[in-house]
Amino acid sequence: MKNKKLYYFLTLLIFSGGIYLIFNKIYSSLKDKLNDINTDITLLYELHSIESHHQTDTCYTKILCLGNSITKHPVKKDVEWYSNWGMAASKEEYDYVHQLQSMLRKSHEGVTVEALNISAFEQNPNINIDSLLFEHINQVDAIVIRIGENVKQCDIEAFRKNLPRLIEYCKQKASKVMITGNFWYNPTKEQVIIESAHKEDIKYIPLFWIARSYNIYPQLGDTLYDTHGKTYTIKKDFIITHPNDKGMKMIAKEIYNAL
C-alpha cells in the first residue's frame, strides 16, 4: 500500500513538474513575442512620424557617415572582397555614401560625403571615442551614425550605455546628427537605437524594411569591381548578406530625405 501511494505521489509530482515546465516555456515564448510586438509598434510609430521627403535650406559642404561594412569595408581577401567601399556595391559610386553624395549635389553643389568604418565601437562599445574619431570628424556639417549590426548579444547593454555617449560626442562636432536603424533587423538592438535617438533628440531613420524588399541582395556569381577597376565575381556568402546597388540606393534615399 505504501509503495502504491509513493508511486501515485511520484507520478503526480512528475506530472505537475511537466505541466509547470510547459507553462513556463509558453510564458517565456509569449513574453518574447510581446516584447517584439512592442518594438514593432514603436517602429511603426517612428515610420509614421518620418516625412516622406524633407528639403531644408541647410547648406551642406561635408557630411560624415559613421558605419560598418555596409558603409565602407577595406579589401578582405579571406572573403574575396577586393574593393574598398560599402560592401556588395559593384562600384564605389554605387554604395550608399556616394549615391547620397550624388543626390545631394543636385541641390548642394560641391558637397562631399565621406565614410568612416567604426565597427570597433560595435565590437567594444566602451572604446575611447575621441581616439576613434578625432582625426576624421572636424569641420563637418552633419554626421550620420549607421551602426549596430555587429554588436554581439552579450554587448547589448554596453551598447545601450555607450551609444548616447557616441551621439553626444558627434553633436559637439556637427550641427546635425542623425542615426539609422539596423539593416539586419534585431528588435532589441533597434529598441536601443530608438531610445538613444529620443534621449539625445536626434532623427531616427528605420532601414529594416529595406532588407525585406525584393532584389536588394547580390547573388553568387554577380560581378563587382576591385580597387583597380578590374572585374571579379562574388564567390563567398559573406558578401551576399549586404545590400547591392539597389539596396544601397534605397538606404541613401532614406538618409537624403531625412537631411
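These numbers come from the heavy atoms of this one structure, side chains and all, not from hydrogens, waters or symmetry mates.
Within 6.0 Å of atom OH in Tyr232, more than 12 heavy atoms from other residues, nucleotides or ligands are found, so the atom counts as buried in its surroundings. More than 12 heavy atoms of other residues, nucleotides or ligands shown are found within 6.0 angstrom of CG on Asp130. Remark: Tyr94 OH is loosely packed, at most 12 non-hydrogen atoms of other residues, nucleotides or ligands lying under 6.0 Å away.
Taking a cutoff of 4.0 Å between a charged side-chain nitrogen and a carboxylate oxygen, Glu168 and Arg165 do not qualify as a salt bridge.
When ring centroids are compared, His242 and Trp81 stay outside the 6.0 Å threshold.
Of the inter-residue distances, the one linking Ile240 atom CD1 with Ile234 atom CD1 reads 7.5 Å to the nearest 0.5 angstrom.
Checking side-chain atoms of Ser83 against main-chain N and O of Tyr225 turns up a donor-acceptor pair under 3.5 Å. Judged purely by atom type and a 3.5 angstrom limit, Asp222 uses its side chain to pair as donor or acceptor with the backbone of Gln219. Using modelled atom types, one side-chain atom of Glu149 and one backbone atom of Phe183 make a donor-acceptor pair closer than 3.5 Å. With hydrogens and angles disregarded, a donor-acceptor distance shorter than 3.5 Å links the side chain of Lys176 to the backbone of Leu259. With hydrogens and angles disregarded, a donor-acceptor distance shorter than 3.5 Å links the side chain of Glu190 to the backbone of Asn182. No side-chain donor-acceptor contact under 3.5 Å links Ser196 to the backbone of Leu163. Using a distance-only test at 3.5 Å, with no hydrogens or angles considered, no donor-acceptor pair links the side chain of Trp85 to the main chain of Ala115.
Within the structure, salt bridge (charged side-chain N to carboxylate O under 4.0 Å, His left out) contacts touching residues 234-244 (residues at least two apart or in different chains) do not occur. Screening residues 90-119 for salt bridge (charged side-chain N to carboxylate O under 4.0 Å, His left out), with sequence neighbours left out, gives Lys62-Glu114.
Hydrophobic clustering, with ILVMFWY side chains joined whenever heavy atoms are under 4.5 angstrom apart, groups Ile147 together with Leu132. Residues Leu64 and Ile127 share a single hydrophobic cluster, defined by chaining ILVMFWY side chains whose heavy atoms lie under 4.5 Å apart.
Between Phe238 and His73, the angle of the ring planes goes over 60°, which puts this pair in the perpendicular group of the 30/60° scheme.
Checked by atom type, the side-chain pair Asp245/Ser90 shows a donor-acceptor distance below 3.5 Å.
With Lys72 as the partner, the side-chain contact (heavy atoms from CB on, under 4.5 Å) test is satisfied by one option alone out of Leu116, Asn84, Val97: Asn84.
In terms of heavy atoms, Ala88 sits closest to Leu224 at O-CD2, 3.8 Å.
Among residues two or more places apart in sequence or in another chain, the salt bridge (charged side-chain N to carboxylate O under 4.0 Å, His left out) test is passed with Lys171 by Glu200.
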